[in-house]
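Here is the structure we will look at.
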Amino acid sequence: MNDLEGALKNAQLAYDAVARPSPPSRRLSFSTTRTAVATPETDSRKTLYQSLLSGVLCARYKRLGNKEDLDGAIAHAEAILQATPSDHPLYEMYKSIHAFALQASGPEERASSPEDVIAQVREEAEQAKAAKDPNWGRIMLRLCNLLYARYEQNLETREEGEESKVAEDLDLELVLGDWRKIATAGLRTVPSPPSVRFRAALKWADVACREGRYKSAVDAYKVAMSLAPRVSLARRKGVVDESDMVEAAPGEENELLLNTFSLASDAAAAAIDRGQLETAIEFVEQSRSLLWKDALGLPSDMDRLEAINPGLASHLSEVLEELEQSIHRASPDSAIAKPDVRAPWLTAPREKVKPESSADDRWNSIVGTVRASEAGFQNFLRPWSLDSLREEDAPVPVGPVVILNSSYLRCDAIILVSTNEPVLVPLEQTSKADLERLAAQVVTGVKELEEGSATGFQFDKAVMEPVLKELWERVISPVLKKLDEVAFGGGKHVGLVPTGAFTWLPLHAATAIRNGTSRKSSDDGEATPSRPDPTSKYSFYYATTLQSLLHSPRNKPTSSSRVLVVSDQPSRRASLLGGIVTSVQALKLQLSTNTEGAEDPIRSNIHIESLEGPAVAVPDAIFKALRPAPVIYESGEETEVPEGVDAVHFSCPTFCDALRPASSSWKVADGSSVRISDFFMSWFYSQRREATTLPEFVFSSTTSHRIDGPVTAGSGAVRLPQELMTPEAALQFAGVKGVIGQLWNAKSEDASVVATHVYKAVVANGGALREDRATHTHPITGKVVRGRGLTSPHNRSSPVGQPQHGPVWETKGLEDGVVALRASNVPLFRTVPFVRYGP
């Protein structure tokens, strides 16, 4: 209720600010009589804010039933239509808002009193339950919303110090009990579709968290996560009826997704408060993985099933649609359906009619069949569990992993290291509001830096230094202290899995200012050291989720590697003044065969394919180059099996869409864009486009990178989405083992230094298997896990721990590049943007 009142207040303030009459302008318009008249200036934002106000009023009416809200919503919608010409680009949108408001009024006159509305809805719910009406769950959801709204209103009007009233407590108990009843009800008892049960579970979890009933919140979210895979699949198939959802009013679709992210973090915080760390990890992993898969359009379990058994997948989809429509009727051949059936005491005994199985039973039967009969589908539509890491030969991350959870209840870090149980680090000195403040500060500062309204020196002093200092003191320092205590033999490289506002912050760079000081920057980019800055014993890489680190290693028949270079600039070996000034030049210098004639088994197995300049760096050429192809060695020998691209290097502008991450893109040389969704379509949906293979490594050397958040109406303040998914993070989430990118625009010479060290490490690590790749410690059980060896170019397997003659595509070389930049005394804003996703 508070969020709805806040939205209404903001919308009203924004509308009032632009609705005031403005003085006539001097611009002239000509009437039909060709008489020049002064035309009053109309603020173009007025109609937009008025449409927002109409939608919020309509949403509050559906929740509270206040007739004045409905009248206001319809009046605003009609005023918008009258003021907008029919050929206006937004006319159809405004027309839909008007229809939405009229639809909310219903065919009959509604009761004006909230008490009358509650009584009326309660009666409708009882009638629907008795009649097995499929709308029972939706009616009950509305009744719960009304009761909880009345509970909140009574709390607001209660005088300070007044004891709790029995009626208010009764409302709260009723709504929690009813949400539980809806969420856990099956089709046998009352007709509740899975999507309705899922919404009830989310409301139950949300209110339980707000009321401090954490045990109840944990139970609610467990129910929600058990239903989430089914609901996600139903939404993808378009069989979920969401027309009655208040949260899905026009213009609020993204807010629903973001609120679900927030609720997952809140549920995890509630589980942490109950001492259930593994449950907290599962909550965060299950919800974020599912939500990001939906947002990015990645294939689901059903897509995998359709690829190998389309008949079974089609049958399952039919049952899912039946579940969502709450079809629960008797078979036409059953005795119940025959009108001429006589009473039992008047007929002779006859064979009993076997009742028809319900859609729930058939769903469970088909899902069980898929899990038992299809190879690799034993966890089909089953929520991910932390116990899967304890299975024999299960893929596990190398080194410690830290999950950072941000909630209004509390902020915590959970460390997965070589112990039997996860380790908790309460971040008591920070809060969700603090993190959101820092995130807005960073985003605003980066925007000013890229627009030229702030120099690098000003950006470092006003933004980077205070933000990094606060992150070090409140987040990173407590985590590293705990790691020193528990991470015995865990390794230097630490994976960070941020959630919420943590995803917007440069956590990896907090150690650069660990002593509260940094190098002094100047406007021209030069810097002088103020105090020696010792290198931290840990280095950080990011991971979107814990599950994104659990991909099994790729089994290659040979150790040869194909590298694809995509650049918006024509190819050149060096600058006019000499030296390396681009990341592409650094790549070619490090990965090309030694020109001095010395035998180099590593570089001889690397084959570079360049698409540079407007003539060749076009989308069609890029996707063609990504297809599997034979590799031809210098000796003329050709691989028997076509191989995909192992690494991709982008040297072109990157654009991050914070609200629609699947639309993030790289702008190629001909001016067109290649979106993240285009790559996913090529990699995962081969029936729609010729198949390509997922690379192991991507280096995104950007020349422009803007991250803009939406602006709160009427205030001008940045209102960021609750989580950020950069294009590089999306690639790592989709299965690319390692990705290097930039948080904002960096100088070309800095990118070339980083690229030099990254590709130097790729070649150096290919000569011998590193110790942390040969053996490492299991992050949960503490057992020693042996790595997997590679194969030689001629299909001869080499034992674990023996030298290999192929490159190792890892991101660890980034740390050497950043150290080199710091050794050159470059300022913070030139070293902080470089980040790596995956080890």
I need the [X] [atom1] to [Y] [atom2] distance, nearest 0.5 Å.
X: Q286; Y: Q547; atom1: CD; atom2: CD; value: 8.0 Å
X: E282; Y: L546; atom1: CD; atom2: CG; value: 10.5 Å
X: D303; Y: K293; atom1: CG; atom2: NZ; value: 10.0 Å
X: I182; Y: M140; atom1: CD1; atom2: CE; value: 4.5 Å
X: N379; Y: D301; atom1: CG; atom2: CG; value: 8.5 Å
X: L290; Y: S300; atom1: CG; atom2: OG; value: 9.5 Å

Pairwise side-chain contact, [X] with [Y], heavy-atom cut-off 4.5 Å (strictly under):
X: R288; Y: V284; value: yes
X: Y221; Y: L202; value: yes
X: E278; Y: D387; value: yes
X: V497; Y: T544; value: no
X: W292; Y: P661; value: yes
X: T499; Y: L404; value: no
X: K203; Y: V175; value: no
X: L409; Y: I272; value: no

Taking all atoms of both residues into account, what is the closest heavy-atom pair of [X] and [Y], and its distance?
X: P498; Y: L496; value: CD-O, 3.2 Å
X: L694; Y: V736; value: CD2-N, 3.9 Å
X: G838; Y: L549; value: CA-CD2, 4.5 Å
X: L227; Y: A183; value: CD1-O, 4.1 Å
X: L277; Y: P422; value: CD1-O, 3.5 Å
X: Q378; Y: R382; value: O-NH1, 2.9 Å

Between [X] and [Y], does at least one N-O distance fall below 4.0 Å, as a salt bridge requires?
X: R235; Y: D294; answer: no
X: R410; Y: D412; answer: yes
X: D219; Y: K222; answer: no
X: K237; Y: E324; answer: no

Under the side-chain hydrogen bond (donor to acceptor under 3.5 Å, both in side chains) rule, collect the residues that match up with S216, sequence neighbours excluded.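 With sequence neighbours excluded, S216 shows a side-chain hydrogen bond (donor to acceptor under 3.5 Å, both in side chains) to W204, given in chain and number order.
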Contacts of K215 that satisfy side-chain hydrogen bond (donor to acceptor under 3.5 Å, both in side chains) - sequence neighbours left out: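 By the side-chain hydrogen bond (donor to acceptor under 3.5 Å, both in side chains) rule, K215 matches no residue at all.
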Check the pair T545, S548 against side chain to side chain contact (heavy atoms under 4.5 Å, CB included), reporting the backbone distance first and the verdict last. CA-CA 5 Å; T545 63; S548 67; 3.6 Å; yes
Between I139 and V121, does a side chain to side chain contact (heavy atoms under 4.5 Å, CB included) hold up when you go through it step by step? CA-CA 7 Å; I139 298 172; V121 175; 4.0 Å; yes
Verdict with supporting geometry, M302 and L381, side chain to side chain contact (heavy atoms under 4.5 Å, CB included): CA-CA 8 Å; M302 182 65 84; L381 295 181; 5.7 Å; no
Starting from the C-alpha separation in whole Å, work towards a yes-or-no answer on side-chain hydrogen bond (donor to acceptor under 3.5 Å, both in side chains) for Y151 and E211. CA-CA 12 Å; Y151 166 77; E211 298 297 329; 3.1 Å; yes
The test is side chain to side chain contact (heavy atoms under 4.5 Å, CB included); show your working for C411 and S406 and say whether it passes. CA-CA 5 Å; C411 293; S406 167; 4.3 Å; yes
Describe, in one word, how the ring planes of Y837 and Y542 are oriented to each other, choosing from parallel (under 30°), tilted (30 to 60°) and perpendicular (over 60°).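 If you compare the ring of Y837 with that of Y542, the planes turn out tilted.
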Expected output: side-chain S664 to main-chain C656 donor-acceptor under 3.5 Å: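 It does not hold such a pair.
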Any side-chain donor paired with an acceptor under 3.5 Å for E723 and W504?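 W504 and E723 do not have a side-chain donor-acceptor pair below 3.5 Å.
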Test item: side-chain donor near acceptor, D266 and S407, under 3.5 Å: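 Yes - a donor-acceptor pair under 3.5 Å links their side chains.
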Only distances under 3.5 Å count here; give the side-chain donor-acceptor pairs of residues 307-315 to other protein atoms, sequence neighbours excluded, each with its distance to 0.1 Å.
| from | atom 1 | to | atom 2 | distance (Å) |
| --- | --- | --- | --- | --- |
| N309 | OD1 | L312 | N | 3.2 |
| N309 | ND2 | E374 | OE2 | 3.0 |

